[in-house]
J.: 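Handing you this structure, nothing more for now.
A note on names: the letters A, B, ... follow the listed sequences, proteins ahead of strands, and every chain is numbered from 1.
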2 protein chains.
Amino acid sequence: MLEFKKTAPLAQIGMMHQLSAPHWAQLEPGFTTLRECTAGEVISERGQPLDHSLLLVDGIVGRRIKVGRKQGARHHLVALQVPGDFVDLHAYPLKVLDHDIVAITDVQMAVISHERVKSVIDDQPEFTRQLWSLTLVDAAIHRHWALRNGTMRALQRVANLFAELITRMDAGGAAVTGSYALNLSQPHIGDACGLSGVHINRVLRTLREANCCTYVKGELVVQDRAALNLIAEFDPDYLYLPGS
Amino acid sequence: MLEFKKTAPLAQIGMMHQLSAPHWAQLEPGFTTLRECTAGEVISERGQPLDHSLLLVDGIVGRRIKVGRKQGARHHLVALQVPGDFVDLHAYPLKVLDHDIVAITDVQMAVISHERVKSVIDDQPEFTRQLWSLTLVDAAIHRHWALRNGTMRALQRVANLFAELITRMDAGGAAVTGSYALNLSQPHIGDACGLSGVHINRVLRTLREANCCTYVKGELVVQDRAALNLIAEFDPDYLYLPGS
DNA sequence: CCTGCGTCTTAACAAATATTAACATCGAAA
DNA sequence: TTTCGATGTTAATATTTGTTAAGACGCAGG
């Protein structure tokens, strides 16, 4: 783990836009170090007590759960976090996590100690509620993942995952280019959707041949976003984005 | 909706055991009314602003999400709550829910206003964190549902759901009898597991013929809990039960 | 008592997806 | 450059699950 002394203030990106400027101004100085991890690295491990939380600045991280004892254990991705997500804020009230957090791509994260969080919000119930809400948006996303894996067929699942991820990546307000660096391997997508890597390959070909979107080398290029949202039956309400 | 003036104090059941006695003592008087719903009734509807939350006293309620526009819309159960669960405490910070809450069986719930919650916890950051944690256990359960629907085949899914539900129902400390009144129809179970009702029927027969458990008329009788946990590859860590 | 409705049960068949295997492609390391 | 390993691609086949349909069963209302 590399840690650098912070040299410049963090920008308020992605989901952090849900915080008011004054609240952000109070929280931001608490991010005193930067942590960088390389793809595949386990950022924090299930069961290990945590005294800090992480704000994702760049890259993609996943929450991974192991199912089955010892050998033959399979992994499954139950969440993906994009830049601007407060990755494990829920470790603040819970103290211990029930899942691993892994770097899917090379990532940069800003670190804040729970002690610091506590001193900032303890006498500010409204601020506390806002952070609480942030963790509940993650819960809503989890519900949607259960929904996706429970009700949708393969094509729709993948389209829906893509629709969710790009909507969340756009949430920061950066220009919408139609191109997204997900950097997920096909088996990664399979893990997230409960499908085999081979089947992901078939689905990606179908999406490509439908002139909907193209996924090459971790880069998602969306040619027809309306078509993608239609296939995905995508309704972003569950993301609790401002102005919906 | 029937509402009664409360006549006797509520007992601290199920998940509410996670609160300390003094905290419970402060919260309990806030539950001033009882609400009863009959099976199938929608308790609160997606998108509707809420000014109160509900503690489930008796029966089973589900969180249900509709997928697809207008006609041809399918439903999916993304969570089930058992007695002792603070069903929609997350409505306190979020104000609005992204899903419906429906009564699966006839249910009794205790109502507490958000105003009351606020006045009790606003100057008690530690108490706030405990309630925050309660909502995050729900999030952990959602993650597990995504995992279940994503990685497991039908038999294991159903066994795992059963294992989860009975573990949570036992959490209150009541005597473990091996018999549980789930009162879910087979299509309900299918909704929760992302399987057809017909296939649930096949799975239930398999579980019965394996002398593992029997599900008749909404009553789950567990003959061999070890076998059930084995089939389910069940590991209750994610429930954050005390003493694990 | 019958009737009708909902749920359960089962079977036959169709569709979706997993598995396996073989080969291609690309980039990194020797 | 060459080789190696990881990832992507495709096809053949096996398995799982969905769909449809039909009958059984139980229960509430006439």
Side-chain angles (χ1 to χ4, degrees), chain A residues 38-41 60 62 67-68 72 74-77 102-106 148-162 181-209 213-221 231, chain B residues 38-40 60 67-68 72 74-77 104-106 148-161 181-210 213-221 231:
Chain A
T38 57
E41 199 173 326
I60 307 273
V67 53
R74 293 150 288 161
H75 286 302
H76 189 69
L77 286 171
V102 300
I104 302 292
T105 68
D106 293 349
R148 176 190 295 135
N149 288 346
T151 61
M152 296 180 175
R153 332 259 73 239
L155 180 69
Q156 193 175 26
R157 272 192 226 180
V158 175
N160 192 280
L161 176 68
F162 283 168
L182 301 182
N183 290 308
L184 303 164
S185 70
Q186 293 183 9
H188 276 144
I189 299 173
D191 270 1
C193 292
L195 298 163
S196 71
V198 172
H199 204 61
I200 296 298
N201 189 279
R202 292 191 269 255
V203 167
L204 291 180
R205 177 169 37 154
T206 304
L207 287 170
R208 190 182 335 118
E209 289 172 354
C213 60
T214 311
Y215 191 75
V216 181
K217 293 172 78 67
E219 189 82 10
L220 176 66
V221 180
I231 293 173
Chain B
T38 57
I60 307 273
V67 53
R74 295 148 286 160
H75 285 303
H76 188 69
L77 287 172
I104 302 292
T105 67
D106 293 349
R148 177 190 296 134
N149 288 345
T151 60
M152 296 179 175
R153 320 319 355 275
L155 179 70
Q156 193 176 25
R157 273 193 225 179
V158 175
N160 192 280
L161 176 67
L182 301 182
N183 291 307
L184 302 164
S185 71
Q186 293 183 9
H188 275 144
I189 298 172
D191 271 0
C193 291
L195 297 164
S196 71
V198 172
H199 204 60
I200 296 298
N201 189 278
R202 292 191 269 251
V203 166
L204 292 180
R205 177 169 37 152
T206 304
L207 287 170
R208 190 183 333 119
E209 288 171 354
C213 59
T214 310
Y215 192 75
V216 182
K217 292 171 80 65
E219 189 81 10
L220 176 65
V221 180
I231 293 173

J.: Atom CG of D191(A) to atom C1' of dA18(C): distance rounded to whole Å?
T.: 14 Å
J.: Are any of R205(A)'s side-chain N or O atoms less than 4.0 Å away from OP1 or OP2 of dT9(D)?
T.: no
J.: Could you state the atom-to-atom distance from CG of L204(A) to P of dT17(C) in whole Å?
T.: 14 Å
J.: Could you tell me the separation between the OG1 atom of T151(B) and the CZ atom of R74(A), rounded to the nearest 0.5 Å?
T.: 5.0 Å
J.: At less than 4.0 Å, is any side-chain N or O atom of Q186(A) found next to OP1 or OP2 of dT9(D)? Yes or no.
T.: yes
J.: Side chains of residues 191-200 of chain A: which donor-acceptor pairs under 3.5 Å do they make with residues two or more places apart or in other chains?
T.:
{"unit_1": "S196(A)", "atom_1": "OG", "unit_2": "H199(A)", "atom_2": "N", "d": "3.2"}
{"unit_1": "H199(A)", "atom_1": "ND1", "unit_2": "R202(A)", "atom_2": "NE", "d": "2.9"}
{"unit_1": "H199(A)", "atom_1": "ND1", "unit_2": "R202(A)", "atom_2": "NH2", "d": "3.1"}

J.: Report the distance from atom CD1 of I189(B) to atom P of dT9(C), rounded to the nearest whole Å.
T.: 10 Å
J.: Counting side-chain heavy atoms from CB outward, which of dT9(D), dC27(D), dT7(D) is closest to R208(A)?
T.: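 Of the options given, the side chain of R208(A) lies nearest dT9(D).
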J.: Which of the following nucleotides, dG8(D), dG27(C), dA11(C), is nearest to the side chain of K217(A)?
T.: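 Given the options dG8(D), dG27(C), dA11(C), the side chain of K217(A) is closest to dG27(C).
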J.: With rounding to the nearest 0.5 angstrom, report the CG to CD1 distance, L182(B) to I104(B).
T.: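 Interatomic distance, L182(B) CG to I104(B) CD1, rounded to 0.5 Å: 11.0 Å.
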J.: Counting just side-chain N and O atoms, does N201(A) come under 4.0 Å of either OP1 or OP2 of dT9(D)?
T.: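 Checking dT9(D) against N201(A), a side-chain N or O does come within under 4.0 Å of OP1 or OP2.
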J.: Rounded to whole Å, how long is the line connecting atom CD of Q156(A) with atom P of dT17(C)?
T.: 11 Å
J.: Show the numbers, then the answer: is there a side chain to side chain contact (heavy atoms under 4.5 Å, CB included) between V67(A) and M152(B)?
T.: CA-CA 9 Å; V67(A) 53; M152(B) 296 179 175; 3.8 Å; yes
J.: Determine whether I60(A) and N183(A) satisfy the following criterion, side chain to side chain contact (heavy atoms under 4.5 Å, CB included), listing intermediate values before the conclusion.
T.: CA-CA 8 Å; I60(A) 307 273; N183(A) 290 308; 5.6 Å; no
J.: Taking only N/O atoms, report every protein-nucleotides 17-22 of chain D pair under 3.5 Å with atom names and distance.
T.:
{"unit_1": "dT17(D)", "atom_1": "OP1", "unit_2": "A154(B)", "atom_2": "N", "d": "2.8"}
{"unit_1": "dT17(D)", "atom_1": "OP2", "unit_2": "H199(B)", "atom_2": "NE2", "d": "3.3"}
{"unit_1": "dG18(D)", "atom_1": "OP1", "unit_2": "S196(B)", "atom_2": "N", "d": "3.2"}
{"unit_1": "dG18(D)", "atom_1": "OP2", "unit_2": "S196(B)", "atom_2": "N", "d": "3.2"}
{"unit_1": "dG18(D)", "atom_1": "OP2", "unit_2": "S196(B)", "atom_2": "OG", "d": "3.1"}
{"unit_1": "dG18(D)", "atom_1": "N7", "unit_2": "R202(B)", "atom_2": "NH2", "d": "2.8"}

J.: Tell me: NE2 of H188(A) to C1' of dA6(D), nearest whole Å?
T.: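 It works out to 12 Å between those atoms.
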J.: If only atom types and distance count, is the side chain of Y215(A) paired as donor or acceptor with the main-chain N or O of L184(A) below 3.5 Å?
T.: yes
J.: Starting from P on dC8(C), measure out to CD on E219(B) and report it in whole angstrom.
T.: 14 Å
J.: Kindly compute the distance separating CG (N160(B)) from CD1 (I231(B)), expressed to the nearest 0.5 Å.
T.: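 Separation between the atoms: 11.0 Å.
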